[in-house]
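All remarks here apply to the structure that follows.
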Amino acid sequence: MTDHELATKLKELADAPAPPPRIDLDRARRLGGRRRRARTTALVVGCAAVVTAAGLTAVSVFRTTPPPAPPAVLPTPAPVAPAPTDNPLVAKASFGWLPEPITGIEYGAGGHGDYALAIGRGDLAPMIWLAVYDQEPPLDRRHDMGGRAVRVPVRVGDRDGYWVTTDARDPLNQGNSYLRWPTPDGRWAELNAYYLALPDLQQVLLRVAGEVKFANRAVPLPLHVTGLPETFRVADVNLWRRPDTDNVPWRAVLQYSSNGALATITVTLPGGRADGLGTPVCTTKNGLRACVAIDHPQAAGVTSQELLNRITLLGPDESKWTTHVISP
């Protein structure tokens, strides 16, 4: 092929139309658009997931779950103030309000129990006994209720208490009524009322119970004793107020045991009787009468007269009585 023929062929090829493309551009654009949208969606979703995860991480860092609330702590019962050591008669509780038939309050401590007794007048004087126990006592603690004792729940002030009775339909137990409730310091209190006839007696006793005050309180007494023998131990101490049986408004009785002997000190207004075993030795001073009886003086280590000489009588005015009864 000559140079002229080659040039002619090249010119013809350049002037000829281009062959149809083997790639469909429109289809390619459509596919490319769909793939681009898919990539964009995936990217957006991926970014959203990252943002969401980061947001959750941020919330977990800056908005921490609050710690669980600490367990509820019940209030610790207030400790009971120690009883004084210079008075053998200490009340664990004291009455507040009392109904009208009551005319006086007695106290007792020792071997026959610690109590306060709200008492009226007459041969069958109305009585409301108040006692405090370290632990909840058995239902029929005296074994004298004559039947199977049961509880009848009742609210006493702000505490859940109960009546003790042999008949759940009769909380007052035929007039020999028992009411119990827990005290603020973790002990148990009990009222035992009898010979008390009043309208709405249940509410009366609930009011009495609701106004009881719980604290060790030394009871004022009409004497002061100096130098009790070291072997003397409190047996029973009572402040009685039974004018219809004693013929005097009140009577204070202090009993001590010593090496098997019993020494009894009785203080009354003139005319009152002396308690105790053995022959009493008595004196009257400052408007009061004091007697001492010791059944075995040799074992006690002191005679009745020697013990009587150590007693100072404070007179009938109760405002001048003392809570500091014993001194070395």
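Since the structure is predicted, the reported quantities are computational estimates derived from the model, not experimental observations.
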Self-check item: Same apolar cluster: W97 and L196, side chain cutoff 4.5 Å
Solution: yes

Exercise. For T165 and P171, work out which heavy atoms get closest and say how close.
Key: CB-O, 4.0 Å

Self-check item: Heavy-atom side-chain proximity of L98 to V208 below 4.5 angstrom
Solution: yes

Quiz item: Is N87 reaching over with its side chain to a backbone N or O of V219, donor-acceptor style, under 3.5 angstrom?
Solution: yes

Exercise. Apply the test side chain to side chain contact (heavy atoms under 4.5 Å, CB included) to residues R251 and V267: give CA-CA distance (whole Å), side-chain angles for both, the deciding distance (0.1 Å), then the verdict.
Key: CA-CA 6 Å; R251 191 160 50 96; V267 179; over 6 Å; no

Self-check item: Backbone N/O of D158 and side chain of R155: donor-acceptor pair under 3.5 Å
Solution: yes

Quiz item: W250 side chain to L269 main-chain N or O, any donor-acceptor pair under 3.5 Å?
Solution: no

Practice problem: Identify the heavy atoms of W321 and P220 that sit nearest to each other, and give their distance. | Solution: CE3-O, 3.6 Å

Practice problem: Please round to the nearest 0.5 Å and tell me the distance separating atom CD of E106 and atom CD1 of I119. | Solution: 4.5 Å

Quiz item: Can we call the ring centroids of W188 and Y133 under 6.0 Å apart?
Solution: no

Quiz item: Is there side-chain contact between Y194 and S177, with at least one heavy-atom pair below 4.5 Å?
Solution: no

Quiz item: Is the shortest heavy-atom distance from the side chain of L179 to the side chain of L206 under 4.5 Å?
Solution: yes

Quiz item: Testing L308, V302, N309, T303 for side chain to side chain contact (heavy atoms under 4.5 Å, CB included) with V292, which one passes?
Solution: L308

Exercise. Compare every heavy atom of V132 with every heavy atom of A93, then report the nearest pair and how far apart it is.
Key: CB-CG2, 3.7 Å

Exercise. Return yes if some donor-acceptor pair links the side-chain N/O of D114 with the main-chain N/O of G110 below 3.5 Å, else return no.
Key: yes

Quiz item: Is there side-chain contact between L172 and Q202, with at least one heavy-atom pair below 4.5 Å?
Solution: yes

Quiz prompt | E190 side chain reached by W129 side chain, heavy atoms, under 4.5 Å | solution = no

Practice problem: Give a yes or no answer on whether the side chain of D246 reaches the backbone of V248 with a donor-acceptor pair at less than 3.5 Å. | Solution: no

Quiz item: Under 3.5 Å, side chain of T231 to main-chain N/O of S258, donor-acceptor pair present?
Solution: no

Exercise. Ignoring hydrogens and angles, tell me if any N or O in the side chain of T266 forms a donor-acceptor pair with the backbone of D275 under 3.5 Å.
Key: yes

Exercise. Give a yes or no on whether the backbone of G122 and the side-chain of D244 come within a donor-acceptor separation of less than 3.5 Å.
Key: yes

Quiz item: So, for P88 and Y256, which heavy atoms are closest and what is the spacing to 0.1 Å?
Solution: CG-OH, 3.7 Å

Self-check item: D200 atom CG, neighbour heavy-atom count above 12 within 6.0 Å
Solution: yes

Practice problem: Report yes or no: is the cationic atom of R159 (NZ for Lys, CZ for Arg) under 6.0 Å from the centre of the six-membered ring of W181, at an angle within 45° of the ring normal? | Solution: no

Practice problem: Quick one: closest heavy-atom pair of P99 and L198, and the distance? | Solution: CB-CD1, 3.7 Å

Quiz item: Is F95 close to L191 at the side-chain level, that is, under 4.5 Å between some pair of heavy atoms?
Solution: yes

Practice problem: Decide side chain to side chain donor-acceptor pair (under 3.5 Å) for T166 and N173; before the verdict, give the C-alpha distance in whole Å, the side-chain angles of both, and the deciding distance to 0.1 Å. | Solution: CA-CA 6 Å; T166 57; N173 195 44; 3.3 Å; yes

Practice problem: Calculate, to the nearest 0.5 Å, the distance between atoms CG and CG belonging to L288 and L314 respectively. | Solution: 8.0 Å

Self-check item: ILVMFWY network linking V156 to L130, side-chain heavy atoms under 4.5 angstrom
Solution: yes

Quiz item: Would you call V281 and C291 a side-chain contact if the rule is heavy atoms closer than 4.5 Å?
Solution: no

Quiz item: When rounded to the nearest 0.5 angstrom, what is the spacing between OG1 in T283 and CD1 in I311?
Solution: 9.5 Å

Quiz item: Do I102 and V204 belong together in a cluster built from hydrophobic side chains that touch within less than 4.5 Å?
Solution: yes

Quiz prompt | Minimum-distance pair of heavy atoms, taken over all atoms of A300 and I294 | solution = CB-CG2, 3.8 Å

Quiz item: Does CG in D134 sit with more than 12 non-hydrogen atoms of other residues, nucleotides or ligands closer than 6.0 Å?
Solution: no

Quiz item: Using 4.0 Å as the upper bound for N to carboxylate O, is an ion pair formed by E100 and R121?
Solution: no

Quiz item: Mind checking whether L313 and L239 sit in one hydrophobic cluster, side chains of I, L, V, M, F, W, Y counted as touching below 4.5 Å?
Solution: yes

Quiz item: In Å, rounded to the nearest 0.5 Å, how long is the span from OG1 of T226 to CG of L223?
Solution: 10.0 Å

Quiz item: In terms of side-chain heavy atoms, does D185 have a donor or acceptor partner in T183 at a distance below 3.5 Å?
Solution: yes

Quiz item: Can R207 and E211 be counted as an ion pair, charged N to O under 4.0 angstrom?
Solution: yes

Quiz prompt | CZ on R217 to OG on S94, rounded to 0.5 Å | solution = 4.0 Å

Practice problem: Answer with yes or no whether the side chains of R233 and S257 bring together a donor and an acceptor at under 3.5 Å. | Solution: no

Quiz item: Should V325 and F232 be counted in the same cluster of Ile, Leu, Val, Met, Phe, Trp and Tyr side chains packed under 4.5 Å apart?
Solution: yes

Practice problem: Mind checking the CG-CG spacing from D236 to L254? Nearest 0.5 Å is all I need. | Solution: 10.0 Å

Quiz item: Is there a side-chain contact between L89 and L221, using heavy atoms and a 4.5 Å cut-off?
Solution: yes

Practice problem: Without swapping roles, check the side chain of R241 against the backbone of I105 for a donor-acceptor pair under 3.5 Å. | Solution: yes

Exercise. Tell me, please, whether Y162 has R180 positioned over its six-membered ring: NZ or CZ under 6.0 Å from the ring centre and within 45 degrees of its axis?
Key: no

Quiz item: Is it true that the side chains of Y115 and N238 contain a donor and an acceptor less than 3.5 Å apart?
Solution: yes

Quiz item: In this structure, are over 12 heavy atoms from other groups packed under 6.0 Å from Q174 atom CD?
Solution: no

Practice problem: Just do the side chain to side chain contact (heavy atoms under 4.5 Å, CB included) check on R142 and N192 with the steps written out, would you? | Solution: CA-CA 11 Å; R142 297 175 59 183; N192 176 209; 3.6 Å; yes

